[in-house]
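Report on one structure; see the data block that follows.
Atoms within a ligand are numbered from 1 in the order they appear, just like the ligands themselves. Numbers here are sequence positions counted from 1.
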Amino acid sequence: MSSRRTRPWWRHGVVYQIYPRSFLDTDGDGVGDLEGIRSRLDYLTWLGVDALWLSPIFRSPMADFGYDVADYCDVDPLFGSRAGFDRLLAEAHGRGLRVLLDWVPNHTSDQHPWFVESRAARTSPKRDWYVWRDPRPDGGPPNGWSAAFPPGTPAWTFDAATAQYYLHLFLAAQPDLDWRNPAVMAAMEAVLRFWLDRGVDGFRVDVVHALGKDPAMPDEPPHLAGIPHAVLNEHPSTHGILRRLRRLVDDYPGDRMLVGEVWLLLARSHAEYYGDGDELHLVFDLPAAVQTPWDADAWRTRVATVEASHGATRWPTWVLSNHDGMRHRSRFGSEARARAAALMLLTLRGTPFLYAGEELGLEDAAIAPDEVRDPGGRDGCRAPIPWASGPCHGWPRADPWLPWPPDAEIRNVEAEHADPASMLHLYRRALHLRRATSALSEGTLTLEHGPPGTLVYERTSPDERRRVLVNFTDAPIATDARGRVVLASDGAGEGAEFAGTLAPDQAIVLAPA
Ligand code: NOJ
C-alpha cells in the first residue's frame, strides 16, 4: 500500500472516456452536454473509475465533432459554458475523480482566428503558423500525401485567393499548425496553462505523433502511396516538442499528466513517445490496442511486445474501444468474449482506458445512409448511451443526434444496475477488485505457458499474487492451474476452488488457495 502514496494516480487509476455528444443530453437538443456528465458523476463513482477523459468540448464548427477547434479556451455552447465546466470539475474533484481534457494540437478548425488570419494574405503575421506551400509547376499539390478523411483525398487544399496550398492531415476544415514556429508553441503553451490553472488534471493529446513533420515534405515511398499521412508521419522533432510540454505540465503540482494518441501503422516503437520519462506520461499504443483480434496467440504476442518495449519504467496503457473504431463487443462478436476481454483489460499491467458504454456491453449502432453524420464513418461507436428503458432511454427525447445502439431496451444503465449478473456489475466488481488488489493495479506481470488457446499471466506485488487465465476459444479447456476463483467473467464458481477447466470464452482471476 505504501506505493499508493508515492506513485502518481495515473499508474493505478482507471480512466473513463466520455464522448460528450453521446453521454447524456439535458437541454433537449438531442446532443449530450456537460450538465449531463455532471448529473451522472455519482454513477461513475459507483462504477469505480478514477478519472474522466472528455473528448473535445471546446468551441468548434463540429466538422469533426470537436476535433476541429475554433477556440481552445472556451466551451462550445452546445455543451455548456466555462462556468458549467468549472462546476463539473469541482464536483468531480469533490468525489475524487480526476478530469482530463482532449487537446488537439496538430490542427485547428479553418474557422479558428489564427487560420482566418493566416489565410488572409501571404504577408499575414500568422501565415507561417500553418503549413503553406506553392503549387507544383503543373499546379498540383506540393506532394502526394493523403488526408485521413474523406478517404482517398489529398492532404492539401488550394487557397485561390493567395495561390498556395495548405496542409491538412485530416479534413480540409482542419488545417495543420506548423510546430516549428515558436509562436505556435507559445500560443499552445498558453492554452495548456489556461486549463491547468483552472485545475484540470491533464490532457489526452490528439495525434501527438504528427506534431513534428519532415520539413522537406517528401512523397511517401511508392508502396505506401495512398495511405493517409497521419498514420505514417513519424519525425524525430516531435520528441523535442514533447519534452517541452512535459516540463510545462510537471511544473504544476498534483500529478498532472499527458496521455498521447499515437496512431502509427509502421511505428519504430510507440514506447519511444515516453522518452526517458521526459516526454508523455502515458502513450496509447494504437492501432494494436483496438485491432488485436480475439485470438490467444495475438494477445500473447501483444502482451509480450508491450512488456518488452515498455520495461519497468514506461507504464503501459490498455484500450479496447474508443470513439474512432468499432466497439470491441461488436468486434469480438459476443457478450461472453466482451466479458472476458473486460476482465483482461482490468488486470493487465498498465492503465486501462474504458470507453463509455463498454461497461454496458454496447454494440455499435446500425447507421442508415441518411443517418450518417461523421465524414470518417465512425458513427456506429458514437451512438448515445441508453440510461433507462422506454422510448427516450433517460434522454429528454427519443431521437437524439444518432440512433440508439442495439438492444437499448435491455442494455441500459437502469436495467443492468438492477441485474447483478449484468456486464455493468462485472465491470464494477472488476474495478473494485483491481482497486483493492495491489498485485492487479501495480504489480509486475509474468506471462506463463498455458494450454493452446489460452492466455495466462501472473501479477505480483510485494505482498500479493494473482493469476489470470483467459480462454479465447469456444470450447472448454482443461488447465493445471489451482487456486481460489476471486472473479470470473461469467460469474461461475466465484469464491470456490478452481476446478481446473475454463469454460468457452471465459476469463478468471485466481488467488493462491
Ligand atoms: C484522432 C481523434 O481521436 C479523431 O476522432 C479525430 O478525427 C482525429 N484525431 C483528428 O483530430
Would you check if there is a donor-acceptor pair between the side chains of D110 and Y166 at a distance under 3.5 Å? no
Any side-chain heavy-atom pair of H235 and K213 under 4.5 Å: no
Decide whether D176 and N106 meet the rule of one side-chain donor and one side-chain acceptor closer than 3.5 Å. yes
Does a side-chain heavy-atom distance below 4.5 Å link T157 with H168? yes
Short version for Q17: what comes under 4.0 Å of ligand 1, heavy atoms counted, is neither
Closest protein heavy atom (residue, atom, distance) for atom 8 (C) of ligand 1: F170 CE2, 3.7 Å
Side-chain heavy atoms of R411 within contact of L362, under 4.5 Å: yes
What protein heavy atom sits nearest atom 1 (C) of ligand 1, and how far away is it? D206 OD1, 2.9 Å
Does a side-chain heavy-atom distance below 4.5 Å link W53 with R98? no
Check ligand 1 against R378 and write out every atom of the ligand that is under 4.0 Å from a heavy-atom position of the residue. 4 (C), 5 (O), 6 (C), 7 (O)
If the cut-off is 4.0 Å to any non-hydrogen atom of R382, which atoms of ligand 1 fall inside it? 5 (O)
Mode of R204 contact toward ligand 1 - side chain, backbone, both, neither (heavy atoms, under 4.0 Å): side chain
Please report which non-hydrogen protein atom sits nearest to atom 5 (O) of ligand 1, along with the residue it belongs to and the distance in Å to one decimal place. D324 OD1, 2.7 Å
What do we get for F149 next to ligand 1 when only non-hydrogen atoms under 4.0 Å count, side chain, backbone, both or neither? side chain
Got the closest protein heavy atom to atom 6 (C) of ligand 1, with its distance? D64 OD2, 3.3 Å
Could you tell me, atom by atom, which parts of ligand 1 come under 4.0 Å of a heavy atom of H107? 10 (C), 11 (O)
Quick one: list whatever passes side chain to side chain contact (heavy atoms under 4.5 Å, CB included) with V259, sequence neighbours left out. L100, R204, M257, L282, F284, F353
